Amino acid sequence: MDHLKQLIREVPDFPKPGINFYDITTLLKDATGLQSVIGALHTRYRDVPCDLVLGIEARGFIFAPAVAYALGKGFVPVRKPGKLPAQKVRMEYALEYGTDSLEIHADAIQPGQRVVIVDDVLATGGTAAAVAGLVEKLGGTVTGLAFVIELDFLNGRGKLGGYDIHSVLHY
Ligand code: AMP
């Protein structure tokens, strides 16, 4: 899979100095690259018991529905505050400076349902930990955390102990 790294554009100092941004738009527009990533995630999860695939706004929305479709499962969006129209549950999490929050519809997951969470990048793990918390708040079980890219040097896994984590590419 490492050949896919050639399709990912690294943009230094975006969105702020010191951040090396992994831009997946260059991978998405490549037909074979896109197929390879979705295919790899499908292969990894096709035998994992799962009822729903959950995607995190915004770039998780690019990959999660495609994975859900390939697996023949439903898709659930986790959104930034104020976007979901019906009754919802919110989780706040710490950023480098300050906090952020994410929301899910209260009826999106039924107790006992098994969920695979998909996002583009695992960095510090704060976002994924918050989303796993939302799933569990609703009574669901996190059966997998899937990422296209994992930044090993930030040790996001350290915040996600106990969960099964799979990343297509490691940096
Ligand atoms: P974190 O909560 O630190 O694991 O951050 C994860 C979220 O931030 C993901 O949803 C990514 O979209 C985004 N992100 C963090 N760092 C990067 C990076 N270096 N390049 C691209 N996206 C990033």
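Here the structure is a predicted model, which means the values were calculated and not measured. As the structure lists them, so they are numbered: ligands from 1, and atoms in each ligand from 1.
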Please report, to 0.1 Å, the donor-acceptor pairs under 3.5 Å made by any side chain of residues 71-81, with sequence neighbours excluded.
| residue | atom | partner | partner atom | Å |
| --- | --- | --- | --- | --- |
| K73 | NZ | C50 | O | 3.2 |
| R79 | NE | E57 | OE1 | 3.0 |
| R79 | NH2 | E57 | OE2 | 3.0 |

Identified side chain to side chain contact (heavy atoms under 4.5 Å, CB included) partner of I56 from the options D120, L134, V118, D119: D119
Check whether more than 12 heavy atoms from other residues, nucleotides or ligands sit under 6.0 Å from atom CD of Q35, and answer yes or no. no
Is it the case that over 12 heavy atoms from other parts of the model lie below 6.0 angstrom from the OH atom of Y69? no
So do S36 and L4 actually touch side chain to side chain, heavy atoms under 4.5 Å? yes
Is there side-chain contact between Y22 and L169, with at least one heavy-atom pair below 4.5 Å? no
Show the protein residues that qualify under the rule heavy atom under 4.0 Å from an atom of ligand 1, listing them in chain and number order. N20, F21, Y22, R59, D119, D120, V121, A123, T124, G125, G126, T127, L151
